[in-house]
Chemist: 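One structure follows; several queries about it will come next.
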Amino acid sequence: MAVENRMDKIVALAKRRGFIFQSSEIYGGLNGFWDYGPLGVELKRNVRQAWWSDMITEHDEITAPVGAPTSFDMVGVETSIIMHPQVWKVSGHYDLFADKLVDCRETKARYRFDHLRGRWASHGGNRIFVATDKDAEEGIAFVEQRALKFFGLKKDKLATIEFGTGTHGGLHFNGPPFTAQYTPAAAVPGLRPITETDSFDNVLAPEATKPGSLTDPRDFNLMFQTYTGALQSDENKAFLRPETAQGMFVNFKNVCDSSRVKVPFGVAQIGKSFRNEITPRNFTFRSREFEQMEMEFFCHPGQSLAWYQYWRDRRYSWYIKHGISKDNLILREHAKEELAHYSVGTADLEYAFPFLDVGSYGELEGVAHRGDFDLRSHSEGKLCKQDGNLVVELGPDGKPKYLGSGKDLSYFDDESRERFIPHVIEPAAGCDRATLAFLCEAFHEDKQPDEKGVMQERLVLKLHPKLAPVKVAIFPLIKKDGLPEKAAAIYRAFKQAGIAVQYDQQGAIGRRYRRMDEIGTPYCITIDGETNTADTVTVRDRDTLEQIRVPVTELIDHVQAKLKG
RNA sequence: GCGGGUGUAGUUCAAUGGUAGAAUGAAAGCUUCCCAAGCUUUAGGCGAGGGUUCGAUUCCCUUCACCCGCUCCA
């Protein structure tokens with residue numbers, strides 16, 4: 001059976017030509033990890049480079065770019081992958097990523113273990129524990145309704161069901177609680193933690209029709225753990241960062257104090273992050289080790305909405321500028337319910353990856369308005385929302401659950417004589433996802449005539465010249481008449497000019513063109529008989545197949561101009 | 001994590017309880033003045049582990065990986 005699927009073809013090409021390999025492939029691979037091969041590493045470096053120069057190198061801090069409220073400063077950092085564990089407690093990742101979860105085999109629902117409670121119910125010799133993840137009154141009503149349904153009774157027969165009450169009603173299992181080793185759910189009047197069951201065999205999960213569908217509670221810590229120092233104890237437990245953003249937040253003061261930036265300004269970083277994803281899937285799209293390109297933009301709260309809109313639109317344009325078709329990229333504003341608790345607005349930039357259904361999109365980048373959540377958290381401690389305001393989250397003892405640094409992370413504006421905590425706009429892009437999107441977008445199959453005029457299938461990567469791993473290929477048309485020597489000299493000249501170039505004299509010329517098409521090389525230069533007489537070469541365009549003659553003396557300037565586009 | 005499917009050369013595919021084939025790609029040579037041409041030569045494979053068997057790539061079990069669906073994706 002031939003490969004029909006477009007994504008499979010892209011994966012095969014990526015492997016065949018050395019873009020992307022499975023990690024540790026000779027040992028059978030490792031789920032969620034990928035390696036970039038000789039061409040892939042160049043492609044990805046070019047993606048990074050395109051982002052970094054757009055953000056930092058080519059940024060003009062004197063002039064306001066089109067669409068921007070004002071001019072602004074931009075700087076970069078590179079922060080460590082392992083940070084102080086308190087960073088993750090305060091940021092919320094520790095709590096969010098460390099839950100014990102229970103899966104329902106029947107309904108496929110997943111519950112936070114410490115949210116599951118319920119009551120024992122008995123009728124006609126049948127005894128089950130009816131579980132719910134709802135609170136108090138709502139939970140009790142839910143449990144009663146579920147029990148009626150399970151026993152096949154009408155509403156007026158509720159009294160015929162015997163419910164467990166209090167701590168240890170007659171219905172309660174008296175042996176050691178099955179799940180004693182786990183933190184029980186918080187006590188709720190009238191409902192018992194699920195820990196007080198003998199086993200999950202007689203637990204009726206919410207929405208399930210039969211008891212015993214729940215799995216054992218399992219750790220779902222999405223942060224990779226390690227230890228600092230040789231001693232593996234809880235005190236020196238550390239985490240691989242699940243995002244690069246915190247590196248910018250905790251260095252906010254350092255950057256302010258050392259680099260003369262003034263609000264508004266952005267701090268950018270490219271680096272690896274790690275998430276122990278439950279289901280890595282879809283080639284490199286969801287990996288456990290991945291690279292982020294993130295920028296934290298600090299601005300005055302009063303201007304934050306304008307900056308949010310500016311960055312959202314600018315980041316959209318970046319993808320378009322580098323070859324993503326408008327048909328395949330959407331900018332999706334999150335609905336209010338979807339927003340993280342601290343966010344005023346978030347937009348996703350999503351790409352129509354070939355592995356998704358038509359009309360579905362996968363996230364390339366999130367542009368989030370984060371308010372002052374991050375700087376305040378790292379100053380005051382972990383925050384939570386209460387009556388619409390962010391307040392320090394308290395633990396059971398009434399003290400702050402996780403302490404912040406206590407450092408003042410506010411900003412003093414010398415011009416307006418105003419002190420404030422800047423608001424943050426965060427465009428957070430996935431470098432591997434962008435690389436994959438560019439690869440998918442570039443992938444084309446077309447028909448081109450061979451030397452006999454017969455149409456042949458051609459695979460071509462129509463990569464933007466800036467992203468193409470190889471910019472130019474040099475071919476002597478034949479292996480004699482001094483053509484290889486002339487070609488080698490031109491090859492060396494391109495090397496010296498710092499242009500990624502390849503030399504190939506192997507096989508028929510058509511084959512060499514196709515080889516370059518497959519890896520996305522935009523220009524092929526062929527040295528032929530006329531080079532000897534007129535000192536000109538042909539430059540062949542990957543997309544149009546057109547050839548023009550260019551004098552050797554003007555060759556590098558000609559190509560450089562074309563690469564700039 | 002659940003259910004289903006698939007693992008044979010770099011890639012795409014065959015066949016087989018008894019020495020694994022092809023196409024294409026790769027390398028070398030000859031030829032060749034512009035889009036996968038021709039000829040010659042070479043290298044290269046049964047995902048891993050265990051079991052059944054005289055003998056396993058083939059049958060069974062486990063495991064790993066990939067694909068599809070669900071779930072998840074702060």
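Order of the sequence lines sets the chain letters (A, B, ...), proteins ahead of strands, with each chain counted from 1.
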Chemist: With C1' as the reference atom in both, quote the distance from B/rU57 to B/rG50 in angstrom, rounded to an integer.
Modeler: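 Going atom to atom, C1' in each nucleotide, I get 16 Å.
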
Chemist: Taking any strand in view, what nucleotide pairs with B/rG69 in a Watson-Crick or G-U wobble way, both distances under 3.5 Å?
Modeler: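 Pairing partner, where one exists within any strand: B/rC2.
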
Chemist: Counting side-chain heavy atoms from CB outward, which of B/rU71, B/rA65, B/rC35 is closest to A/Leu545?
Modeler: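 From the listed options, B/rC35 comes nearest.
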
Chemist: Under 3.5 Å for both donor-acceptor distances, Watson-Crick or wobble: does B/rU32 have a partner, and if so which one?
Modeler: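 Matched B/rU32 with nothing under the 3.5 Å cut-off.
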
Chemist: Just the rounded figure in Å: distance from P of B/rG10 to CD of A/Gln22.
Modeler: 14 Å

Chemist: With a distance cut-off below 6.0 Å to the six-membered ring centre and an angular limit of 45° from the axis, does A/Arg433 pair with A/Phe285 as a cation-pi contact?
Modeler: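 That pair qualifies as a cation-pi contact.
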
Chemist: Are any of A/Asn31's side-chain N or O atoms less than 4.0 Å away from OP1 or OP2 of B/rC64?
Modeler: no

Chemist: B/rA48 and B/rC64: how far apart are their P atoms, nearest whole angstrom?
Modeler: 15 Å

Chemist: Does A/Lys9 come within less than 4.0 Å of A/Glu445, counting only side-chain N to carboxylate O?
Modeler: yes

Chemist: Checking all strands, does A/Ala12 fall into the base, sugar-phosphate, or nothing category for heavy-atom contacts under 4.0 angstrom?
Modeler: sugar-phosphate

Chemist: Tell me the interatomic distance from A/Leu459, atom CG, to B/rA36, atom P, rounded to whole angstroms.
Modeler: 14 Å

Chemist: Sort out for me which residue in A/Glu291, A/Glu294, A/Glu296 forms a side-chain hydrogen bond (donor to acceptor under 3.5 Å, both in side chains) with A/Thr244.
Modeler: A/Glu294

Chemist: Any side-chain N or O of A/Asn282 under 4.0 Å from OP1/OP2 of B/rC68?
Modeler: yes

Chemist: Pick base, sugar-phosphate or nothing for A/Gln547, based on heavy-atom distances below 4.0 Å to the nucleic acid.
Modeler: base

Chemist: Strictly by Watson-Crick or wobble contacts shorter than 3.5 Å, is anything paired with B/rG17, and which nucleotide is it?
Modeler: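 None - no nucleotide pairs with B/rG17, as no candidate has both distances under 3.5 Å.
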
Chemist: Round to a whole Å and report the spacing from NZ of A/Lys9 to C1' of B/rC66.
Modeler: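 It is 19 Å, rounded to the nearest whole Å.
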
Chemist: For A/Ser377 and A/Asp374, test the side chains for any donor-to-acceptor distance below 3.5 angstrom and give the result as yes or no.
Modeler: no

Chemist: Find out whether A/Tyr351 and A/Leu356 are in side-chain contact, i.e. whether some heavy atom of one side chain is under 4.5 Å from a heavy atom of the other.
Modeler: no

Chemist: When you match A/Thr279 and A/Glu243 each to their closest nucleotide on RNA chain B, which lands nearer the 5' end?
Modeler: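 By nearest-heavy-atom nucleotide position, the 5'-most residue is A/Thr279.
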
Chemist: Output one line per pair: protein atom, nucleotide atom from nucleotides 24-31 of chain B, and distance, for all N/O pairs under 3.5 Å.
Modeler:
residue, atom, partner, partner atom, Å
B/rG25, OP1, A/Arg511, NH1, 3.2
B/rA26, OP1, A/Arg515, NH1, 2.4
B/rA28, OP2, A/Gln506, OE1, 3.0

Chemist: Starting from P on B/rC34, measure out to CD1 on A/Ile548 and report it in whole angstrom.
Modeler: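 Going from CD1 in A/Ile548 over to P in B/rC34 covers 19 Å.
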
Chemist: Both distances below 3.5 Å, Watson-Crick or wobble geometry, any strand: find the nucleotide opposite B/rA22.
Modeler: B/rU12

Chemist: Find out whether the Lys NZ or Arg CZ of A/Arg540 is both under 6.0 angstrom from the six-membered ring centre of A/Tyr513 and within 45° of the ring's axis.
Modeler: yes

Chemist: Kindly compute the distance separating CZ (A/Arg16) from CG (A/Leu39), expressed to the nearest 0.5 Å.
Modeler: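 So the CZ of A/Arg16 and the CG of A/Leu39 are separated by 12.0 Å.
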
Chemist: Between A/Asp357 and A/Gly32, who's closer to the 5' end of RNA chain B by nearest nucleotide?
Modeler: A/Gly32

Chemist: When you compare B/rA22 with B/rU62, how far apart are their C1' atoms, in angstrom units rounded to a whole number?
Modeler: 33 Å

Chemist: Could you tell me the separation between the OH atom of A/Tyr27 and the C1' atom of B/rG7, rounded to a whole number of Å?
Modeler: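 Computing the A/Tyr27:OH to B/rG7:C1' distance gives 20 Å.
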
Chemist: Do A/Tyr319 and A/Glu365 have side-chain atoms, one donor and one acceptor, less than 3.5 Å apart?
Modeler: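 On atom types as modelled, these side chains qualify, holding a pair under 3.5 Å.
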
Chemist: Test salt bridge (charged side-chain N to carboxylate O under 4.0 Å, His left out) on A/Glu350 and A/Arg332; report intermediate values, then the result.
Modeler: CA-CA 7 Å; A/Glu350 301 182 333; A/Arg332 192 175 66 81; 3.2 Å; yes

Chemist: Assign A/Asp481 to base, sugar-phosphate, or nothing according to its heavy-atom contacts below 4.0 angstrom with the strands shown.
Modeler: base

Chemist: Under 6.0 Å from the six-membered ring centre of A/Tyr402 and within 45° of its axis: does the NZ or CZ of A/Lys382 meet both?
Modeler: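 Not satisfied by the 6.0 Å and 45° rule.
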
Chemist: Could you measure between the two C1' atoms, the one in B/rA9 and the one in B/rA14, and give it in whole Å?
Modeler: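 Their C1' atoms lie roughly 13 Å apart.
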
Chemist: Please measure how far the C1' atom in B/rC33 lies from the corresponding atom in B/rA37, and state the result in whole Å.
Modeler: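 It comes out at 14 Å once rounded to the nearest Å.
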
Chemist: Separation of A/Glu546 atom CD from B/rC35 atom P, in whole Å?
Modeler: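 The answer, rounded to whole Å, is 15 Å.
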
Chemist: Any N or O donor-acceptor pair under 3.5 Å from the base of B/rC72 to the side chain of A/Arg281?
Modeler: no

Chemist: Is the shortest side-chain N/O distance from A/Lys15 to OP1 or OP2 of B/rG10 below 4.0 Å?
Modeler: no

Chemist: So which nucleotide does B/rA37 pair with, by the Watson-Crick or G-U wobble rule with both distances under 3.5 Å?
Modeler: none

Chemist: Please measure how far the P atom in B/rC70 lies from the corresponding atom in B/rU63, and state the result in whole Å.
Modeler: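 These two P atoms come out 25 Å apart once rounded.
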
Chemist: Using the P atom as the reference point in each nucleotide, state the distance between B/rC30 and B/rA20 in Å, no decimals.
Modeler: 34 Å

Chemist: Provide the Watson-Crick or G-U wobble partner of B/rC59, both distances under 3.5 Å; none if there is no partner.
Modeler: B/rG51

Chemist: Could you let me know what B/rG7 is paired to, Watson-Crick or G-U wobble, both distances under 3.5 Å, or none if it's on its own?
Modeler: B/rC64

Chemist: If I take atom OH in residue A/Tyr513 and atom C1' in nucleotide B/rU32, what distance separates them, rounded to the nearest angstrom?
Modeler: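 Taking OH of A/Tyr513 and C1' of B/rU32, I get 14 Å after rounding.
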
Chemist: Report the distance from atom CG of A/Asp8 to atom P of B/rG5, rounded to the nearest whole Å.
Modeler: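 In whole Å, B/rG5 P and A/Asp8 CG are 18 Å from each other.
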
Chemist: For B/rG3 versus B/rU42, give the span between their C1' atoms, rounded off to a whole number of Å.
Modeler: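 About 47 Å, rounded to a whole number of Å.
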
